[in-house]
Amino acid sequence: MSYTSIWNETLQKIQESNYFDSHTFNSWISKTTLFKIEDNIAYVAYRSTITFSILKKQKEKELFESTLSEVWGDTLTIQFIHQREMEKMMPEEVVKQRTNVLLENKFNPSYTFENFVEGNSNAEAYAACLACCTQTTSHLFNPLMLYGNSGLGKTHLLHAMGNYLAKEHPECKVIYMYSGDLVSLLIEAMKTKNVHGNTVERVKEQLLDCDYFLIDDIQNLQQHSSSQEIFFTVYNQLIQKNTQIIITSDMHPSEISGLQSRLISRFVSGLTISISKPEFETSKAILKKKIEGREESVNMSEDVIDYLAGKYSNDVRNLEGTLNRLIFNATLFNPDVIDMDFARKVLIKEPIVSQSDELTIKKIKKAVTRFYGLSYKDLEGKCRQKFIANARHICVYLSRDLLHKSYVSIGQELGGRDHTTISSSYERAKKLIQKDEAFKTAVEKIRSTLDS
Ligand SMILES: Nc1ncnc2c1ncn2[C@@H]1O[C@H](COP(=O)(O)OP(=O)(O)OP(=O)(O)O)[C@@H](O)[C@H]1O
């Protein structure tokens, strides 16, 4: 039983005893936390001095001690300490509690395999995720790496796995982590490491205790080299103990700048699958599924569905958001049916692209440098490192393809390169798009940021 559940049970008993009126209980008492029990002393943190003035009274203190002792099963005395002091005194407990909260899986119940619409763009990813869940002991591929633009269903699939396993294989322990949370957790653990040498080790132990490790948006690990070091050892140990790992990213691992090459090679050593934007029919089916899943009935004409599916399929999140907007407006204005006339009226309020949004080579350079985490100097400079060279090829390709600029003018924007270099860079980009899936995704992704 964790300290959180012990304290929750204690607080519940105290609340049921009606010793405190509900206002006092909710405002002050319920905001306390049990940090640690050691040598029969329970360390309880309060956040406000008002809480402390209530708790320190003899009778109240005894009530807490006897209730907590009953839940704990042994006699305890309580030491009340201010939250801030407690965090300073026991930083390793803060990390532990935070890890526990992060490892408590809360899968979105509507992100299931049943609610996921399959199409050419995602069928392979869907099948691989399902296969990972049905083969709980012998893993066909490890890790499974899914990558693709934002809003195309990667998180949905991870949650679908979590929901499926909880129902069909409750014996399997699943950890789901958003990589941004993992990074902040590891940084916090490293900060306390100096004082309490084993905090990082303890976090590692907790991360290793699972049969499935699902990690979302791994690109957030870029530039955090010390977190990558720790994750590297966790990753290797997970593979050794036959834990199935599923990773998602918004780009191919080799395109994630600042990710160590030993991690990249491991991430792509299992099965790597890309998810692309849904084709028209899949977008339509997704819309219909989202409409079906709503509590209220929605009467939408087929041509509106066609229109939305055609216009917003780059990002399903956007597609869903537009659908929600239409439905929300329909609840305000009550049309008999959401038809094209109604949709036009609602959607016409969308911001109209202004002159300043006109695409230029500079904007393409900005999108490319942002994507790769580079500076303009890198892009314009002479470094031949693969991902910098790729960034240049994409810049040339998009400037040519979207803006029809001459090789000379593109060259001027790219550090004064001559037109023959730019022309071969363009040819190289075209070839890479044909044969290198990761490069192709990078181009699509950058192009989509320019579209939006
Ligand atoms: N094929 C699909 N069927 C049903 N819903 C989908 C599908 N693809 C995406 N969605 C829905 O689109 C929304 C965005 O999906 P999700 O959050 O999984 O995207 P993502 O790829 O993880 O994006 P990001 O990289 O930004 O985290 C969710 O509501 C999800 O249910």
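The figures that follow rest on heavy atoms only: side chains count, while hydrogens, waters and symmetry mates do not. Whatever order the structure lists ligands and atoms in, that order sets their numbers, starting from 1. Numbering starts at 1 and runs along the sequence shown.
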Who's closest to atom 19 (O) of ligand 1 heavy-atom-wise, of Gly153, Gly148, Gly321?
Gly153
If we only consider heavy atoms of Lys290, is any one of them less than 4.0 Å away from an atom in ligand 1?
yes
Phe232 six-ring face occupied by Arg262 cation (under 6.0 Å, within 45°):
yes
Atom 27 (O) of ligand 1: nearest protein contact (heavy atom, Å)
Asp217 OD2, 3.4 Å
For ligand 1, which atoms, with element, lie under 4.0 Å from some heavy atom of Asn122?
1 (N)
Could you tell me if Tyr372 and Asn390 have a donor-acceptor pair between their side chains, going purely by distance under 3.5 Å?
no
For ligand 1, which is the ligand I care about here, please tell me if Arg317 has any N or O atom under 3.5 Å from one of the ligand's N or O atoms.
yes
Show the atoms of ligand 1 that are less than 4.0 angstrom away from any heavy atom in Asn115.
3 (N), 4 (C)
Any sub-3.5 Å donor-acceptor pair from Lys154's side-chain atoms to Asp217's backbone N or O?
no
Starting from atom 28 (C) of ligand 1, locate the nearest protein heavy atom and write down its residue, its atom name and how far away it is, to 0.1 Å.
Tyr111 OH, 3.3 Å
Could you walk me through whether Tyr235 and Phe213 pass ring pair (Phe, Tyr, Trp, His ring centres under 6.0 Å), step by step?
CA-CA 9 Å; Tyr235 179 93; Phe213 191 87; 8.8 Å; no
I want to confirm something. Looking only at heavy atoms, which of Ala123, Gly151, Ser121 is nearest to atom 23 (O) of ligand 1?
Gly151
Just checking, is any N or O donor in the side chain of Asp378 or Ser375 under 3.5 Å from an acceptor N or O on the other one?
yes
Presence of salt bridge, Lys204 and Glu201, under 4.0 angstrom
yes
So, do Phe35 and Tyr3 have ring centers that fall under 6.0 Å from each other?
no
Contact between Glu320 and ligand 1, counting heavy atoms under 4.0 Å?
yes
Give yes if a backbone or side-chain nitrogen or oxygen of His156 is under 3.5 Å from a nitrogen or oxygen of ligand 1, and no if not.
yes
Between Val316 and ligand 1, does any nitrogen or oxygen pair lie at a separation below 3.5 Å?
no
